[in-house]
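Chain letters run A, B, ... following the sequence lines, proteins first, then strands; residues in each count from 1. What you see below is based on every heavy atom in this structure, not just the backbone, and it leaves out hydrogens, waters and symmetry mates.
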Amino acid sequence: MKKELLIRRSILAWFRKNKRDLPWRKTGDPYAVWLSEIMLQQTRVETVIPYYNRFLKAYPTVHHLAGANEDHVLKLWEGLGYYRRALNLHQTAKIVAKDYEGVFPGTVDELQALPGIGRYTAGAIASIAFGVRAPVLDGNVKRVLSRLYAVKERIDRSDVLKRLWQIAGELVSPRSPGNFNQGIMELGARICLPQNPLCGGCPVKQCCEAFLHHCPQNFPVQKAKKTLPHYEVVAAAIYKRGRFLLGKRPPGGMLGGLWEFPGGKVEAGETHEQALKREIMEEMGIGIEIGEHVLTVDHGYSHYTVSIHLYRCSHIDGRPRALYHSEIKWTPKSQFNRYSFPAANIKFFEHL
DNA sequence: GAATCGTGGAT
DNA sequence: TATCCAAGATT
């Protein structure tokens, strides 16, 4: 039997017996499949499950989501990370509700034209929800294929990616594309692990060049990762008459749409006090007096790490304006739970 | 093509 | 403790 056909059948058979009972596998609703795929981007299955369930309960259909308030959507996304996904999700819901009358398109090209849906996600939705024979190539599939075919070149090379998409397209089952795609991803997530793969339980080990050469750990070949820069950041808990001055971060950038205590990076040669007064003047046009240091939180973002030093502050002069944020608001602590905050800010709450 | 964009669990 | 990295998309 041809290698590709053997791989296809073996993975389908393995998946049929070993697939996890995940909430998005109980439905064929394209809306639910789409939601799960967006949430699963760069995010672990176990992390997504509770978010997915809460989200679907709050917005059972694309129409509910299309009519939702953005702060509410971001609140349901709070803690999931990559918040632009939530904003794109909201945008796509509006487009589907309006331009498609609430019915998701079923082709890869139409799906990929929607905000937040790239080649992987379009293939996943088309194959899983619509039975289209479209391949997927995520981190799992890249790893599985790079081992099956002993790909010795770096997998971030465009020519290598092109070849992997080509292979994935040949492997995907014409009759059960959704099951095959989920199967090869599940194989990568549970058997063909990045470190110490469980080759003994692998249904395709006899087809796997890396296994046959006893070197699965050599694949995939990744590019070297650079160490993340670290910054010192100051933030202000500006308090007046029972309320804190919060800002909503502008869309498009880091943590876009989330609320925060204002502040910013400490520049070279600055004291914390100097940096905080400068930042608050730049961002809100007001003068402040710096009070006690509340606490310092160490936090890692996607491409840098920070130590955020929070200070209690009082408003001295000027009327606050949203010079940086899209919106600012004096907010009592009792209402913080209505807004979505970055994880690092949430660590502040119990100390205020 | 290389940067940007979060978070928390595993090792 | 430090590092890795997970069902990627966008610019």
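Salt-bridge formation is not detected for the pair A:K19/A:E186: no Lys NZ or Arg NE/NH1/NH2 atom is positioned less than 4.0 Å from an Asp or Glu carboxylate oxygen. Electrostatic pairing of A:D99 and A:K94 does not count as a salt bridge here, judged by no charged N lying under 4.0 Å from a carboxylate O.
The residue A:L80 sits close to a base: some heavy atom pair falls under 4.0 Å. A:A343 comes within 4.0 angstrom of sugar-phosphate atoms only, judged by non-hydrogen atoms across all strands, and of no base. A:Q195 comes within contact range of the sugar-phosphate backbone alone, with a heavy-atom separation under 4.0 Å but no base atom that close. At a threshold of 4.0 angstrom between heavy atoms, the contacts of A:R25 include nucleobase atoms, whether or not backbone atoms are also involved. Residue contacts for A:R143: at a heavy-atom cut-off of 4.0 Å it reaches the sugar-phosphate backbone alone, with no base atom in range. The residue A:G256 sits apart from the nucleic acid: no heavy atom pair falls under 4.0 Å. Contacts of A:T43 with the nucleic acid, taken as non-hydrogen atoms under 4.0 Å apart, include base atoms. As judged by a 4.0 angstrom heavy-atom cut-off over every strand, A:S36 is placed among residues making no nucleic acid contact. Residue contacts for A:K226: at a heavy-atom cut-off of 4.0 Å it reaches the sugar-phosphate backbone alone, with no base atom in range.
As rounded to whole Å, 12 Å separates atom C1' of C:dT11 from atom CG of A:N88. For the pair A:Q42 CD and B:dT7 P, the computed distance is 14 Å after rounding to whole Å. When the C1' atom of C:dA7 is taken as reference, atom CE of A:M185 falls 5 Å away, rounded to whole Å. Going from atom CG of A:D138 over to atom P of C:dA6 covers 9 Å, rounded to whole Å. Regarding A:M254, its CE atom lies at a distance of 18 Å from the P atom of C:dT11, rounded to whole Å. Note: OH (A:Y82) to C1' (C:dA6) measures 9 Å, nearest angstrom. To the nearest angstrom, P of B:dC5 lies 22 Å from CE of A:M39. One interatomic measurement links the two molecules: NE2 of A:H303 to P of C:dC5, which rounds to 19 Å at whole-angstrom precision.
Counting heavy atoms from C-beta outward, A:F341 and A:E78 have side chains that approach closer than 4.5 Å.
Of the candidates C:dG8, B:dG6, C:dA7, C:dG8 carries the atom nearest the A:Q41 side chain, counting heavy atoms from C-beta on. Out of C:dT11, C:dC5, C:dG8, the shortest distance to the side chain of A:R84 is found at C:dT11.
For A:S158, a side-chain nitrogen or oxygen approaches OP1 or OP2 of B:dG1 to under 4.0 Å. For the OP1/OP2 pair of C:dA7 and a distance below 4.0 Å, the side-chain nitrogens and oxygens of A:T121 include no atom meeting the criterion. Remark: A:K225 is in phosphate contact with C:dC5, judged by side-chain N or O atoms under 4.0 Å from OP1 or OP2. Phosphate contact (OP1/OP2 of B:dT7, side-chain N/O of A:Y83, threshold under 4.0 Å): present.
Using modelled atom types, one side-chain atom of A:R143 and one backbone atom of A:G188 make a donor-acceptor pair closer than 3.5 Å.
Under 3.5 Å, the side chains of A:Q41 and A:E37 contain no donor-acceptor pair of N or O atoms. Counted by atom type alone, A:N69 and A:D71 present zero donor-acceptor pairs between their side chains at under 3.5 Å. A donor atom on one side chain and an acceptor atom on the other are not found under 3.5 Å apart for A:R338 and A:T331.
Taking a 4.0 Å limit (strictly below) on heavy-atom distances, residues 7-24 of chain A does not reach DNA chain B anywhere.
Along DNA chain B, the nucleotide nearest A:K347 and the nucleotide nearest A:S302 are compared for position; the residue whose nucleotide lies closer to the 5' end is A:S302. Mapped onto DNA chain C by nearest heavy atom, A:T227 and A:G118 fall at different nucleotides, with A:T227 at the one closer to the 5' end. Remark on DNA chain B: of its neighbouring residues A:R85 and A:N196, the 5'-side contact belongs to A:R85, judged by nearest-heavy-atom nucleotide.
More than 12 heavy-atom neighbours from other residues, nucleotides or ligands sit within 6.0 angstrom of NE2 on A:H351. Remark: A:R9 CZ is loosely packed, at most 12 non-hydrogen atoms of other residues, nucleotides or ligands lying under 6.0 Å away.
Separation of the P atoms belonging to B:dG8 and C:dA9 is 23 Å when rounded to the nearest angstrom. Comparing B:dT4 with C:dA7, their P atoms are spaced 24 Å from each other, to the whole Å.
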